[in-house]
Amino acid sequence: MKIAFLIVATTISLSACSAMKVAVTGTTGRLGRQAVQLLSSKGIQTRCLLRHPIDASTPPSIEKDAQSSQVASYLANLPGVSMVEGDATDAASCLELVKGCDAVLALHGPIKPPPLQSLFCLLPESDPKHSQSVNYLAVQNLIDAAKDSKTCKRIVRVTGKGEQPTQFFSVLINMLGNMAKAWNYEGEQLLRTSDVDYTIVRPGIMGKDDIPNDRVLALADNGQDLKVTPVTHSQIADLCVDCLDYPNAARSTLTAMNVESGKGEDSYAPLLAKVTSDTRSFPSTLLSEHKKAARNGAAILVAFLAVVLSGAVAIIKSVAGIMMGIISQL
């Protein structure tokens with residue numbers, strides 16, 4: 001009897017999942033491409049936002065070093081995947097993308113800027129490439145589009161730890177990434193104060209693929225801290241897709257890290273089953289604190305570089321003087 005019930009329950013869950021339609025932003029990024037492939041493999045209709053049209057002459061590829069145009073060409077040919085041309089920073093694009101969808105995976109992020117451009121605030125905050133546009137205004141666009149659609153019930157947004165403005169990596173990323181950490185947190189707050197259900201995912205350091213995978217998965221809800229560790233893009237893609245099957249993961253902030261082999265889980269299912277909605281009070285804004293910490297960090301960095309440069313100049317002058325003395329004695 002129990003086995004029969006589990007089979008029926010699983011069938012119902014998979015049937016409900018395959019009937020979904022999911023919108024994805026950040027389509028060709030390392031995380032986005034993993035999520036789109038996973039959604040397609042599950043038979044879920046997927047609408048992907050692309051900034052540029054697909055060139056039919058572009059060879060499809062999903063390799064790590066593939067260009068975004070090649071990745072887009074590959075993904076467009078997957079079963080159940082359709083492309084919508086536009087940008088998340090454009091409200092009309094988001095309205096078109098989310099139309100008829102049940103959920104959104106907001107996996108987009110800003111392009112890494114030239115360090116000096118960010119350090120000296122040379123890019124206006126109103127620029128579509130700035131973190132304010134990408135991590136904040138685009139989130140508001142998706143919230144508005146979800147409301148307008150009448151069908152979209154969940155936005156899954158991947159951000160990062162950002163509640164400690166003076167923490168070293170927060171300062172560094174804000175200084176060199178056009179305040180990416182700051183605007184990510186403000187984007188989170190847009191979701192928390194909206195009436196659209198959300199799941200915010202704060203992953204560890206994505207990038208490494210050669211990390212242990214034997215029962216290492218760990219989750220903390222309510223935005224609680226876990227020790228920062230490397231995680232893979234495929235792990236976070238799994239979490240983003242899997243959480244759509246868990247109503248209890250609505251209006252929750254999840255920290256996703258890895259733990260020592262054997263001390264975690266093999267899948268997110270048992271972890272997601274225990275998740276509860278956010279209950280603690282998150283700071284309404286941390287923007288001024290983030291900006292102050294970044295300014296202080298930039299001032300320290302510039303002063304340090306000035307000292308290093310002046311020292312280098314002094315050494316060069318000293319060496320030049322010695323050389324001139326040697327030459328004069330020849």
Side-chain angles (χ1 to χ4, degrees), residues 20-29 31-33 35-36 39-40 44-56 58 67-69 71-78 80-113 123-159 178-180 182-201 240-241 244 287:
M20 292 180 67
K21 182 182 286 188
V22 177
V24 179
T25 64
T27 301
T28 60
L31 178 58
R33 67 182 72 174
V36 173
L39 289 165
S40 176
I44 300 173
Q45 295 295 306
T46 307
R47 288 169 63 81
C48 301
L49 192 64
L50 279 181
R51 288 197 300 271
H52 306 289
I54 295 176
D55 186 343
T58 301
Q67 298 178 358
S68 60
S69 57
V71 175
S73 181
Y74 178 93
L75 297 176
N77 289 312
L78 294 178
V81 174
S82 60
M83 298 295 178
V84 176
E85 188 177 341
D87 195 292
T89 61
D90 175 61
S93 297
C94 291
L95 288 172
E96 180 61 28
L97 173 72
V98 180
K99 191 182 298 180
C101 289
D102 301 286
V104 178
L105 301 188
L107 311 180
H108 61 278
I111 297 171
K112 186 178 179 180
L123 187 69
E125 288 188 336
S126 57
D127 191 287
K129 296 187 290 294
H130 195 280
S131 295
Q132 180 183 12
S133 297
V134 179
N135 291 348
Y136 182 74
L137 295 179
V139 173
Q140 185 62 64
N141 288 341
L142 292 172
I143 292 170
D144 293 341
K147 292 178 181 178
D148 185 80
S149 73
K150 311 299 183 189
T151 59
C152 184
K153 305 302 182 186
R154 182 93 66 91
I155 296 176
V156 179
R157 174 64 175 145
V158 175
T159 59
N178 287 324
M179 302 301 298
W183 288 112
N184 249 342
Y185 183 80
E186 301 305 308
E188 287 186 357
Q189 282 301 100
L190 287 177
L191 288 165
R192 293 191 186 97
T193 55
S194 76
D195 53 6
V196 176
D197 280 347
Y198 63 84
T199 303
I200 294 168
V201 176
C240 291
V241 174
L244 297 176
L287 187 58

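Residues A88 and L49 approach most closely at N-CD2, 3.4 Å, considering heavy atoms. When all heavy atoms of I54 and A72 are compared, the pair lying nearest together is CD1-O, 3.6 Å. Across S126 and Q132, no two heavy atoms sit closer than the pair N-OE1, 4.5 Å. Nearest heavy-atom pair, C48 versus V81, reported as atom, atom and distance to 0.1 Å: SG-CG1, 3.8 Å. The two residues V134 and G109 make their nearest non-hydrogen contact at CG1-C, 3.4 Å.
Looking only at distances, a side-chain donor or acceptor of T46 sits under 3.5 Å from a matching main-chain atom of I44. A side-chain donor-acceptor contact under 3.5 Å links R33 to the backbone of T28.
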Open item on the list: One pair to check against side-chain contact (heavy atoms from CB on, under 4.5 Å): R157 and H108. What are the steps and the verdict?
Closed with: CA-CA 9 Å; R157 174 64 175 145; H108 61 278; 3.7 Å; yes
Open item on the list: Please determine whether side-chain contact (heavy atoms from CB on, under 4.5 Å) holds for the pair L50 and M83, giving the CA-CA distance in whole Å, both sets of side-chain angles, and the decisive distance to 0.1 Å.
Closed with: CA-CA 7 Å; L50 279 181; M83 298 295 178; 3.6 Å; yes
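Counting non-hydrogen atoms of neighbouring residues, nucleotides and ligands closer than 6.0 angstrom, the NZ atom of K112 reaches no more than 12 such neighbours. E125 CD: more than 12 foreign heavy atoms inside a 6.0 Å radius. Counting heavy-atom neighbours within 6.0 Å of R192 CZ, excluding the residue itself, gives a total above 12.
Note that CG of N135 and CD of E188 are 10.0 Å apart. Values are rounded to the nearest 0.5 Å. K153 contributes atom NZ, which lies 14.5 Å from atom CG of L244 (distance to the nearest 0.5 angstrom). Expressed to the nearest 0.5 Å, how far CG of L75 lies from OG of S40 amounts to 9.0 Å. Going from atom CD1 of I200 over to atom CD of Q189 covers 7.5 Å, rounded to the nearest 0.5 Å. A distance of 5.5 Å separates CG in L31 from SG in C240, rounded to the nearest 0.5 Å. The distance from the CH2 atom of W183 to the CG atom of L190 is 9.5 Å, given to the nearest 0.5 Å.
Not counting sequence neighbours, the partners of K129 by the side-chain contact (heavy atoms from CB on, under 4.5 Å) test are L123, D127. With sequence neighbours left out, the side-chain hydrogen bond (donor to acceptor under 3.5 Å, both in side chains) criterion links H130 to no other residue. Qualifying side-chain contact (heavy atoms from CB on, under 4.5 Å) partners for D144, counting only residues two or more places apart in sequence or in other chains: Q140. For the side-chain contact (heavy atoms from CB on, under 4.5 Å) test, residues two or more places apart in sequence or in another chain that qualify with L137 are S133. For R154, the side-chain hydrogen bond (donor to acceptor under 3.5 Å, both in side chains) partners two or more places apart in sequence, or in a different chain, are T199.
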Output a table of donor-acceptor pairs, distance under 3.5 Å, between side-chain atoms of residues 90-107 and any protein atom two or more places apart or on a different chain; print 'none' if there are none.
from : atom 1 : to  : atom 2 : distance (Å)
D90  : OD2    : S93 : N      : 2.9
D90  : OD2    : S93 : OG     : 2.7
S93  : OG     : D87 : N      : 3.2
E96  : OE1    : K99 : NZ     : 3.1
D102 : OD2    : K21 : N      : 2.7

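Among the candidates D197, V139, V196, the single residue satisfying the side chain to side chain contact (heavy atoms under 4.5 Å, CB included) test with I155 is V196.
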